[in-house]
Peer 1: 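Supplied in C-alpha cells, the structure appears directly below.
When reading the values below, keep in mind they use all heavy atoms of this one structure, side chains included, and skip hydrogens, waters and symmetry mates.
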Amino acid sequence: MNQNSKAVRFAGLSIAAGMLVGSSALNASAAPLAGVTGYTSSDATTVADNTLTTRSGVSQMLSSIVVTSEATAKSDAEAAAAAEAEAAKQAAEAAATEAAQYANVGIARVTDYVYIRSAADENSDYVGKLYANAAATVNGEEGDWYQITSGDVTGYINKQYLVVGDRDLINQCSRRYATVTTETLFVRSEPTTDSQVIGMVPMTDDLTVTDESIKDSGWVKVRVTEGEGYVSTEFVTLSTEYTLAESREAEEARLAKEAAEREAADKAAAAVLAKQQSKSSAAANQTYEASASSNGSAVVGYAAQFLGNPYVYGGSSLTNGTDCSGFVMSVYGAFGVGLPHSSSAMRGCGYGVSTDQMAPGDIVCYSGHVGIYAGNGQIINASTPSTGIIYTNVNYDNILAVRRIF
C-alpha cells in the first residue's frame, strides 16, 4: 500500500465516524457534523446556513476522496503496468544477450578428433586438433568450411563436423564450476548457515555446480562425494569450463612431457626396488610395503592394505587418517612419485586417458574428489568420514578426468 491510499483510508474512517455521531444534523439545524467543521452559532439562521455549508463541505470532501482514490488507483495501475513492461523488456534483453552468446559457438561432433586446417581445403596442413565435444567460436564461413578459433588455435573445419548454436548441446559439453576461495569451504545441506555441514573442501579445489537458480540469494548447489549441497557464493568464484583445441605444437610438447614423466616414474620404481633389496630381514617383516613394480596393479595392491582406515579432512596418513587427495598422494609417494594434495590439481598430473581405457592404478577425478582405479568398475578411495577408505563404484558420479602415472 502506498502512502496516498493509506491517507485516503484514514480520511474515510474519520468522516464515517462523524456521520454516525452527528447524523441528526443532516435533518435538523443542530450542531455541525463532528470532525467536519468546528464552527457553531446560536443564531438559527446562521446555524441553518452553516448546516447547509457543512453538507456541501461533506459532499465536496467525499467527492475529493473519490477523485483522489480513483487517481491513486490509476497511478498504481500505471506504475504496475510500467514495472511489468520494464521487467518484460529486461527479460527480452537478457534472452537476446544469452542467445547471442550461443549463436557463434560450435561443438565438435566426432568420435575422436577433427583436424583444424590452415585453409578451407582438406589437403592443407593441419594446425591443431579439435577433440570430441570440444568447443570453438565460429568467426566466419567459406563454402563448406567454418573459420574458427578455439583456445590458441585459429583455422578451418569442415561444417559437417561442427554443430553451431545448439544451446542444449553447448551446455551439455561444458562444465559450470565453483572454485573455493577460502581456506575451508563448508558444503551445507540447505542454503542457510544454520543447516548441517555435509562436507568440507579446501582452498583452490573446485566443485561442479548443479543448480544456480537461487544465486541471487547468495547460494548455489554443488556436487561432492557426500551428495549435493549448497555453498555460499561469498567464498567461491563461478566459472564455465569448455574443452578447447590443442595446437600441433602443444600436442607435440605434451607427448614429450608424458614420455618424460613415464621415464621418471620407471626410475622412481627402480629406486624403490633397490631400497627394498638392501633392507635387512627384520625390515622385510614390516606390515606395509610398496611393490617395486612400476605398474598400476602394484599401486592398487599397496593401496588395498589400508582399506578400513579412517578418513580425516586435510590428513595424509594412510594409517591414522587421510582425505581423498591425501590418500592418492601418499600411495603414489610410496613409489617415489610426488603428487599435489589437491583433487583438482591432480587433473593435470600424468597424462590423460579416456574412461573406456581406464586401467588399475589410474587416478580418477570427480567434482571435489579423487580415487585410484582398482579394476572391475571400482575405485579405492578415502571416501567420507563415515566410511573411511573403501571401494566405490567408479561411476558413482560424473568423471571429470582419468590420469595415468605409470
Peer 1: With no hydrogens and no angle check, do the side chains of H369 and D397 hold a donor and an acceptor under 3.5 Å apart?
Peer 2: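 There is no such pair (donor and acceptor under 3.5 Å, judged by atom type) between the side chains of H369 and D397.
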Peer 1: Indicate the atoms forming the closest heavy-atom contact of A374 with Y391, along with that distance.
Peer 2: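 Taking A374 first and Y391 second, the nearest heavy atoms are CB-CE2, 3.8 Å.
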Peer 1: Out of R223, R176, R175, which residue meets the salt bridge (charged side-chain N to carboxylate O under 4.0 Å, His left out) rule with D206?
Peer 2: R175
Peer 1: With a 4.5 Å cut-off on side-chain heavy atoms, are E212 and W219 touching?
Peer 2: no
Peer 1: I would like to know whether V402 and I363 meet side-chain contact (heavy atoms from CB on, under 4.5 Å); could you show each step before the answer?
Peer 2: CA-CA 6 Å; V402 180; I363 299 173; over 6 Å; no
Peer 1: Should we count CD of E183 as having more than 12 external heavy atoms under 6.0 Å?
Peer 2: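 Atom CD in E183 is not packed in, count stays at 12 or less.
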Peer 1: Between E246 and Y131, is any side-chain donor less than 3.5 angstrom from a side-chain acceptor?
Peer 2: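 Note: E246 and Y131 side chains meet the donor-acceptor criterion.
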Peer 1: Hey, is CD on E122 packed in by over 12 heavy atoms from elsewhere, all under 6.0 Å?
Peer 2: no
Peer 1: Heavy-atom distance under 4.5 Å between the side chains of D216 and I214, does that happen here?
Peer 2: no
Peer 1: Testing the 3.5 Å rule here: is there a donor-acceptor pair between the side chains of D205 and S342?
Peer 2: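 Per modelled atom types, D205 and S342 side chains form a pair under 3.5 Å.
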Peer 1: What closest approach, in Å, do P202 and V180 show between heavy atoms, and which atom pair accounts for it?
Peer 2: O-CB, 3.5 Å
Peer 1: Would you confirm whether R109, through its side chain, and N133, through its main-chain N or O, come within 3.5 Å as a donor-acceptor pair?
Peer 2: no
Peer 1: Measuring only between side-chain heavy atoms, which start at C-beta, is I107 closer than 4.5 Å to I170?
Peer 2: yes
Peer 1: Could you tell me whether the side chain of R248 and the main chain of V127 form a donor-acceptor pair under 3.5 Å?
Peer 2: no
Peer 1: Under 3.5 Å, is there a donor-acceptor pair linking the side chains of T384 and T225?
Peer 2: no
Peer 1: Side-chain contact, heavy-atom cut-off 4.5 Å: R403 with M346?
Peer 2: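 No - every pair of side-chain heavy atoms lies 4.5 Å or more apart.
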Peer 1: Step by step, work out the side-chain contact (heavy atoms from CB on, under 4.5 Å) result for V187 and V197.
Peer 2: CA-CA 6 Å; V187 182; V197 174; 6.0 Å; no
Peer 1: Let me know which of N104, V105, L162 forms a side chain to side chain contact (heavy atoms under 4.5 Å, CB included) with I148.
Peer 2: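 Exactly one candidate clears the test, L162.
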Peer 1: Is the NZ or CZ atom of R254 positioned over Y351's six-membered ring, under 6.0 angstrom from the centre and within 45° of the axis?
Peer 2: no
Peer 1: Hey, mind stepping through F306 and N309 against side-chain contact (heavy atoms from CB on, under 4.5 Å) and telling me if it holds?
Peer 2: CA-CA 6 Å; F306 307 100; N309 286 350; 3.8 Å; yes
Peer 1: Suppose we screen for side-chain contact (heavy atoms from CB on, under 4.5 Å). Which residues come up paired with E142, at least two apart in sequence or across chains?
Peer 2: A120, Y156
Peer 1: Nearest heavy-atom pair of G229 and I198: which atoms, and what distance?
Peer 2: CA-CD1, 3.9 Å
Peer 1: Side chains of T192 and D194: donor-acceptor distance under 3.5 Å anywhere?
Peer 2: no
Peer 1: Measuring only between side-chain heavy atoms, which start at C-beta, is Y332 closer than 4.5 Å to V299?
Peer 2: yes
Peer 1: Backbone N or O of Y161 within a donor-acceptor pair of the N158 side chain at under 3.5 Å?
Peer 2: no
Peer 1: Tell me the closest heavy-atom pair linking Q378 and Y373, and the distance in Å.
Peer 2: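 For Q378 and Y373, the tightest heavy-atom pair comes out as O-CD1, 3.1 Å.
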Peer 1: Can you list the steps and then say if Y366 with Y396 is a ring-ring contact (aromatic ring centres under 6.0 Å, His included)?
Peer 2: CA-CA 10 Å; Y366 307 88; Y396 88 93; 4.7 Å; yes
Peer 1: Can you tell me if K159 uses its side chain to pair, donor with acceptor, with the backbone of G143 under 3.5 Å?
Peer 2: yes
Peer 1: Should the ring pair Y115 and Y126 be called parallel, tilted or perpendicular, given that the plane angle runs from 0 to 90° and is split at 30 and 60?
Peer 2: tilted
Peer 1: Is a side-chain donor or acceptor of T182 paired with a backbone partner of L185 at a separation under 3.5 angstrom?
Peer 2: no
Peer 1: Which heavy-atom pair separates Y302 from A334 by the least distance, and what is that distance?
Peer 2: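 For Y302 and A334, the tightest heavy-atom pair comes out as CE2-CB, 3.4 Å.
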Peer 1: Apply side-chain contact (heavy atoms from CB on, under 4.5 Å) to residues V236 and T179 and explain how you reach the verdict.
Peer 2: CA-CA 5 Å; V236 298; T179 303; over 6 Å; no
Peer 1: Got a salt bridge between E258 and R404, using NZ or NE/NH1/NH2 to carboxylate O under 4.0 Å?
Peer 2: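 No, this pair does not count.
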Peer 1: How close do I116 and T154 get, counting heavy atoms only, and between which atoms?
Peer 2: CG2-C, 4.4 Å
Peer 1: Backbone N or O of T208 within a donor-acceptor pair of the S367 side chain at under 3.5 Å?
Peer 2: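 Checking the backbone N and O of T208 against the side chain of S367, a donor-acceptor pair under 3.5 Å is found.
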Peer 1: Taking CG in N376 as the centre, count heavy atoms belonging to other residues, nucleotides or ligands within less than 6.0 Å. Is the count above 12?
Peer 2: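 Check fails, neighbour count at 12 or below.
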Peer 1: Give a yes or no on whether the backbone of A119 and the side-chain of S124 come within a donor-acceptor separation of less than 3.5 Å.
Peer 2: yes
